[in-house]
Structure formats: structure tokens, C-alpha cells
Amino acid sequence: MTQSQKVATATPQRTAIIPTRADNFAEWYQSVVKAADLAENSPVRGSMVIKPYGYGLWEQIQRALDDKIKDEGVQNAYFPLLIPLSFISREAEHVDGFAKECAVVTHHRLEMGPEGKLIPSPSAELEEPFVIRPTSETIIGDSMSKWVQSYRDLPLLLNQWCNVMRWEMRTRLFLRTSEFLWQEGHNAFETAEQAEADARKMLEVYRSLYVDFLAMSPFCGEKTADERFPGAVRTYSIESMMQDGKALQAATSHNLGQNFSKSCGIKFQGRDGSEHFAHTTSWGLSTRSIGGLIMTHGDDDGLKMPPRIAPQQVIILPITKGDDGAAAVIEYAQNIAAQLKAVGVRVHIDLSDARAPDKMWAAIKRGVPLRVEVGGREVEEGKLTHTRRDLGRESKTSCSVDEFIGSIKNILDDMHHSMLKTSQSYSKSRVVDCQTAGAMKEYFETSLELGFAKIPVELLTDEALAVYRKDNALTTRCMPFEDEGRMVLIGKSY
RNA sequence: CGGGGCGUAGCGCAGCUUGGUAGCGCAACUGCUUUGGGAGCAGUGGGUCGGGGGUUCAAAUCCUCUCGCCCCGACCA
């Protein structure tokens with residue numbers, strides 16, 4: 001028996017998540033969401049409860065993105081949850097796109113029904129029903145039409161953080177829920193060129209969020225006509241490749257042209273003295289990004305939080321034996337935590353009375369980037385032991401507290417770049433250039449691993465190939481900017 | 001919304017075919033020993049078997065309706 005075989009026998013692999021990614025990716029995903037304590041199903045079909053740790057993650061994403069949005073000169077505002085039915089029907093394509101998934105509010109009072117149960121009061125039916133916003137183009141457009149009089153009122157740059165509702169047929173935690181959280185930006189401009197540039201710019205903002213904070217390496221490009229937002233002239237998207245080779249649309253940005261300004265009446269007196277319709281854009285990123293993060297970075301032991309948006313960047317695990325010296329160890333841990341906070345690191349101390357191994361596994365499953373163990377030995381020597389979540393137990397290192405505080409920023413930075421690199425090389429390795437329909441079919445039929453085929457856009461008009469794509473649930477993801485519209489990515493998607 | 005699978009203790013499951021009033025593992029709780037990569041022993045508590053209706057002396061089990069979850073599609077962030 002070789003050395004490596006011995007090791008394998010001595011420490012049989014036990015993963016924290018069952019099943020593993022290779023066994024059943026969909027179930028693995030569900031397990032990670034639960035094991036990492038991010039969210040759970042609610043009594044309301046298709047809606048989820050986001051638990052404190054999951055919401056803490058969303059707050060970090062919000063904070064990072066909100067800063068970037070404000071850097072672009074956009075102001076936050078808030079528009080109503082309820083949208084008059086007539087507003088939704090203003091833009092023809094918009095109606096087609098959203099009508100079938102709208103929740104509608106029809107009554108304003110409950111009363112005791114004949115069977116002793118509360119029912120919507122028949123005498124309290126609304127004259128005009130309200131739609132719970134599936135997105136807010138129309139109601140924000142209504143405000144914009146009042147706020148914009150002159151070209152001097154443009155550009156008008158607005159964003160709101162809110163919830164929206166789309167009555168989905170099939171839901172999955174974070175990836176698709178009927179109610180979800182997002183930000184939706186809505187900008188209005190004087191010229192078509194400005195709107196087009198804005199749509200591209202906001203997509204770039206999303207790309208930088210993914211790269212710089214979520215350590216993900218998405219594909220950016222324009223959507224093909226059939227994948228466009230209802231009512232948009234052009235739709236751009238961030239497409240991210242998950243570990244099972246499927247695509248996740250991770251953010252979108254739309255150039256709406258004058259479609260909404262015409263239907264909502266956003267007009268202004270131009271420099272030439274005559275009346276013009278504004279050119280608008282809209283752009284959004286949702287809690288789905290959390291699903292993308294999980295499926296990009298997770299492993300068979302659970303979540304791996306990218307350090308820059310981890311709600312807890314460091315978790316300190318006090319190792320106490322009985323009561324002997326426990327107080328000293330905890331005080332030592334609190335002292336380290338204070339020093340970490342002082343240098344801007346988000347730190348948490350696990351003061352639960354669980355045993356040390358259980359604390360460790362809880363931290364592993366939740367994906368806390370760095371675990372710090374402190375016990376009686378470290379207290380005496382002024383040291384600590386730390387382990388990186390992304391590298392595992394092999395990375396266990398002992399050093400002095402001072403040295404650790406001095407290098408913590410670098411450690412977290414290294415981790416970010418290492419996770420980003422892994423994500424980049426993975427995404428890249430799963431894209432295969434296919435110049436012909438035959439090559440594309442061969443790829444999807446013979447490749448052992450799912451991924452994207454990059455094909456010339458002319459092949460989209462190939463009818464036989466369109467049938468093949470439909471039969472195999474292969475959709476166009478986007479036409480990457482780098483190919484200047486000549487190529488399109490084809491793959492399966494969430 | 002179509003096809004398939006599944007709802008029994010917090011979680012994972014057995015029991016259902018051949019009806020007889022519910023069990024296993026983990027978790028929880030108590031005590032002792034433990035504690036630096038998933039601890040051991042002993043003991044304890046917890047379920048109107050998703051819900052409604054039906055068949056029957058008797059239903060987790062049979063029939064029916066309904067709700068929910070998961071997977072594969074269609075649709076979509």
C-alpha cells in the first residue's frame with residue numbers, strides 16, 4: 001500500500017453536505033442553503049424566509065453595490081408596491097411579458113363569511129385593481145413624466161431597493177422565488193446615445209461588483225432578441241457559469257429607448273424648443289446573486305464566502321477545556337476581536353458551549369473565510385492558529401497575534417484573488433468554440449461536462465439547429481462584448 | 001402549467017402490498033467523562049403519520065379530494 005492510499009484509508013472522506021455536487025447538484029444546492037443557515041421555505045408557497053446570516057450577506061452585497069450606484073450619480077428613492085392595473089397595460093410588450101405572472105389586489109377589506117372564515121368583503125371590491133409590482137418601469141415612468149419638463153431636468157437617475165413579486169411556476173430558494181429582493185435603477189436621458197451608454201455602463205457596474213466583491217467571473221454581453229426584456233430595445237446581461245455548467249443570469253441592464261417614455265409620457269422641451277420623448281434605461285440585480293455565489297464557490301463541505309462580502313470575515317473559536325482558564329481564553333478572544341474590528345475586519349466570536357469540532361464544522365458549512373482558534377496554549381504564548389476556508393485544514397497556521405493583525409488584510413485579499421482565479425479558469429475552461437451547427441451538436445452530445453458553446457450568430461437562423469436547441473433546452477445566453485456581436489454563447493440555464 | 005417522485009418527532013428514514021392505534025438513526029435535554037477537523041457511556045422528553053372527506057368494529061396503511069415540497073420540462077431575474 002502506498003502512502004497516499006494509507007492516508008485515504010485512515011481518514012475516509014466525510015463531506016458535510018450530502019449529497020455531494022457530483023452526486024446531485026440540485027439537492028446539494030438545497031442542502032447548502034440549509035446547512036449554511038441562509039434561508040428556508042416559508043408557509044407562503046414560493047416565498048422564502050431569509051435568515052439573519054443570509055440577510056447579512058444580502059446587506060453586504062447591498063452596501064457594496066449601493067456605493068457603486070451612488071458613485072455613478074444615481075439617487076435612491078422609493079416608489080409604491082402597488083401599481084394601478086392601467087399602468088401595467090401601457091406598454092404593449094411589457095403587458096405580454098408580465099401579465100401572466102402578476103399578483104393582483106382586488107379588495108380592501110375582510111369580513112366574516114358564512115362559514116365563519118374571513119373572506120374579502122364583496123362590498124369592498126376595488127374599482128381599479130392594483131398589481132403588486134413585478135418591476136416598476138411604469139410607476140416610476142409616471143413620476144418621471146411629472147418631474148421632467150426641460151432638457152435641464154435630464155439626466156434623471158433613480159434607484160430603489162425593494163421587493164417585487166412574480167408568480168412563478170417553479171421556485172427555488174434564492175434562484176427563483178415569487179417574491180424577491182432587488183434594486184431597480186431607472187434612468188432618463190436626453191439622447192439615444194446617452195441611454196445606450198448608460199445601459200452599458202451600469203452593466204459594467206454589475207460586472208465590477210461580481211469580480212471585485214463576489215469573486216466571480218461572469219460573461220457580459222447583449223441578449224439576443226428572443227431573450228430581451230419586454231419593452232426593451234436592447235438588453236445586456238451578466239451570465240455566470242455555475243459548477244454544473246449551467247448559466248445563471250446574474251444581472252441585467254436595458255436600453256428601453258423611447259418605448260416607456262412614450263407610453264408613460266416622459267417628455268421634455270429640448271434645446272431646439274420642441275417637444276421630445278426621453279430615452280430611458282433600467283437595470284437590476286437581485287437576491288438571486290446569492291444563489292450564484294453558492295453555486296460558484298460552494299464545495300462538498302458547504303458554502304465558501306468570498307471574503308469581501310462575507311458577513312463574518314473571521315470567526316474566533318475559543319477552545320476551552322472544562323472551566324479551567326475558560327475566562328482567560330474568552331478574554332483573549334475578545335481582545336483579538338477588538339483589534340480586528342479596529343482594522344476594519346468583520347469578526348464574530350463563537351461563544352456557544354458546543355464542543356470545538358462542532359464549532360469548526362458550523363463555521364465551515366457557513367463558509368466563514370477565516371477561522372481563528374485560540375486555546376490555553378495560545379493565551380500563554382501570545383499566539384493564535386488560523387485556517388482558511390478555501391484551502392482547508394492544510395492551511396492551518398500558527399502565528400503571533402500582532403503578526404496576524406498585521407497581515408489579516410493581505411490574507412483576505414489573497415483569498416479573494418485565489419477564489420476569483422478559480423472561478424475565472426473554470427468559466428473559461430467550459431466554453432468551447434463551435435464554428436458549425438455540427439460542431440455544436442457534437443459538443444453537447446459528446447462532452448462529459450456541460451458548458452457553453454460559442455457559435456457564430458449567423459447559426460441562430462439555422463432552423464434545424466433551432467429545433468435542436470429547443471429540444472435540448474439550450475438557450476442563447478448572450479453575445480459577448482469581446483466578440484463584438486459576431487458570436488453567441490449557447491447553454492442550459494437556471 | 002405538463003410528466004415523475006415524495007409528505008410519518010427538529011433532520012434523515014422504516015412501517016403501507018397482506019388495516020389492529022407508531023418505530024429506527026442522528027439531533028435535543030440531564031448527568032459524568034471529553035473538547036486543537038464531526039466524542040463516549042447512561043438516562044429522558046418529543047409525533048392527532050401534510051389537511052379534509054369516505055370505506056370499516058378498527059385507517060399511517062384502502063378510496064377520494066386538496067395543500068405543500070423535490071426533480072425534469074415549458075415560462076421567467
Side-chain angles (χ1 to χ4, degrees), chain A residues 11-16 18-19 24-27 29-31 34-35 40-48 96-102 134-135 164-184 206 223 226-230 235 237-240 247-254 282-292 301-302 317-324 326 329 353-365 371-378 383-387 389 392-396 398 470-473 475 492-494:
Chain A
T11 54
Q13 286 292 334
R14 180 182 167 191
T15 60
I18 296 169
N24 187 332
F25 195 79
E27 279 186 33
Y29 174 80
Q30 303 279 344
S31 301
K34 288 185 183 79
E40 60 190 30
N41 281 310
S42 78
V44 182
R45 185 189 165 280
S47 301
M48 66 175 164
D96 281 354
F98 286 108
K100 55 188 172 295
E101 52 188 30
C102 283
T135 178
V164 288
M165 173 159 275
R166 298 176 187 180
W167 211 263
E168 297 290 350
M169 294 302 176
R170 181 181 166 197
T171 60
R172 320 176 71 181
L173 293 171
F174 290 114
L175 298 174
R176 173 164 293 105
T177 47
S178 290
E179 180 188 2
F180 59 91
L181 306 182
W182 76 346
Q183 60 67 221
E184 49 177 324
Y206 291 139
K223 283 288 198 185
D226 54 318
E227 295 264 331
R228 237 177 245 150
F229 176 78
T235 287
S237 80
I238 297 260
E239 300 286 329
S240 191
L248 183 76
Q249 182 173 310
T252 50
S253 170
H254 318 289
S282 68
W283 29 280
L285 179 142
S286 74
T287 35
R288 175 183 252 195
S289 54
I290 293 176
D301 285 330
L317 309 174
I319 311 292
T320 53
K321 301 190 179 187
D323 287 330
D324 296 344
V329 171
D353 64 355
R355 296 172 341 100
D358 294 332
K359 290 185 188 181
M360 271 176 214
W361 281 101
I364 291 168
K365 285 188 278 195
R371 298 192 297 282
V372 167
E373 297 164 31
V374 291
R377 240 167 19 228
E378 279 94 346
K383 289 188 164 182
L384 55 73
T385 303
H386 60 86
T387 311
R389 170 63 177 90
R393 68 175 82 174
E394 305 304 319
S395 65
K396 197 165 179 172
S398 186
K470 185 150 182 66
D471 289 347
N472 292 281
T475 53
K492 293 199 181 189
S493 89
Y494 278 94

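Letters go in sequence order (proteins before strands), and every chain restarts at 1.
The distance from atom CG of A:D358 to atom C1' of B:rA39 is 9 Å, rounded to the nearest whole Å. In this structure, CE of A:M360 is placed 11 Å from P of B:rA39, rounded to the nearest angstrom. Atom pair A:W361:CH2 and B:rG36:P shows a separation of 13 Å (rounding to whole Å applied).
At a cut-off of 3.5 angstrom, counting only N and O atoms as typed in the model, there is no donor on one side facing an acceptor on the other between the side-chain of A:E394 and the base of B:rG37. No donor-acceptor contact under 3.5 Å links the side chain of A:R355 to the base of B:rG37.
Between the C1' atoms of B:rG25 and B:rU21, the separation comes to 24 Å (whole Å). Separation of the P atoms belonging to B:rU64 and B:rA77 is 40 Å when rounded to the nearest angstrom. For B:rU17 and B:rC63, the P atoms lie 10 Å apart once the distance is rounded to whole Å. For B:rG20 and B:rC62, the P atoms lie 11 Å apart once the distance is rounded to whole Å. Of the P atoms belonging to B:rU61 and B:rG53, the separation is 14 Å, rounded to the nearest Å. For the P atoms, the distance from B:rC72 to B:rA22 is 39 Å, rounded to whole Å. A distance of about 16 Å separates the P atoms of B:rG10 and B:rA27, rounded to the whole Å.
In the set B:rC75, B:rG37, B:rG38, B:rG37 carries the atom at the smallest distance from any side-chain atom of A:K396. The side chain of A:E373 has B:rG36 as its nearest neighbour among B:rG36, B:rG38, B:rG37.
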Handout entry: Candidate pair A:V164 and A:E179, rule side-chain contact (heavy atoms from CB on, under 4.5 Å), full reasoning
Key = CA-CA 6 Å; A:V164 288; A:E179 180 188 2; over 6 Å; no
Practice task
Evaluate the criterion side-chain contact (heavy atoms from CB on, under 4.5 Å) for residue pair A:W182 and A:T135; output intermediate values, then yes/no.
Solution key: CA-CA 10 Å; A:W182 76 346; A:T135 178; 3.7 Å; yes
Look for any protein N or O under 3.5 Å of an N or O in nucleotides 24-32 of chain B and output each such pair with its distance, or none.
none

Got a list of protein N/O to nucleotides 65-73 of chain B N/O distances below 3.5 Å?
residue : atom : partner : partner atom : Å
B:rC69  : OP1  : A:G46   : N            : 3.4
B:rC71  : OP1  : A:R172  : NH2          : 2.9
B:rC72  : OP2  : A:R170  : NH2          : 2.3

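Proximity of the aromatic rings of A:Y494 and A:Y29 is defined here by a centroid distance below 6.0 angstrom, and this criterion is not met.
When both distances must be under 3.5 Å, the Watson-Crick or G-U wobble mate of B:rG36 does not exist. The pairing partner recorded for B:rA14 is none, the criterion being a Watson-Crick or G-U wobble arrangement whose two distances lie under 3.5 angstrom. In this structure, B:rU44 and B:rA28 make a Watson-Crick or G-U wobble pair, each of the two defining distances being under 3.5 angstrom. Within the shown strands, nothing qualifies as a pairing partner of B:rA74 under the Watson-Crick or G-U definition with both distances less than 3.5 Å. Taking a pair to require two hydrogen-bonding distances under 3.5 Å in either a Watson-Crick or a G-U wobble arrangement, B:rU21 remains unpaired. Base pairing of B:rG68 is made with B:rC6, judged by Watson-Crick or G-U wobble geometry with both donor-acceptor distances under 3.5 Å.
Here A:E239 pairs with A:K223, A:S237, A:R477 under the side chain to side chain donor-acceptor pair (under 3.5 Å) rule; sequence neighbours left out. Every residue two or more places apart in sequence or in another chain was checked for a salt bridge (charged side-chain N to carboxylate O under 4.0 Å, His left out) with A:R377, and none qualifies. Legend: residues meeting salt bridge (charged side-chain N to carboxylate O under 4.0 Å, His left out) with A:E168, ordered by chain and number and at least two apart, are A:R176.
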Exercise for the section: Sugar-phosphate atoms are those with a prime plus P, OP1 and OP2; base atoms are the rest. Using that split, label each nucleotide of nucleotides 40-46 of chain B B, S or - for protein heavy atoms under 4.0 Å, 5' to 3'. Expected result: -------
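Put simply, the side chain of A:R288 does not reach to within 4.5 Å of the side chain of A:F174, judged on heavy atoms.
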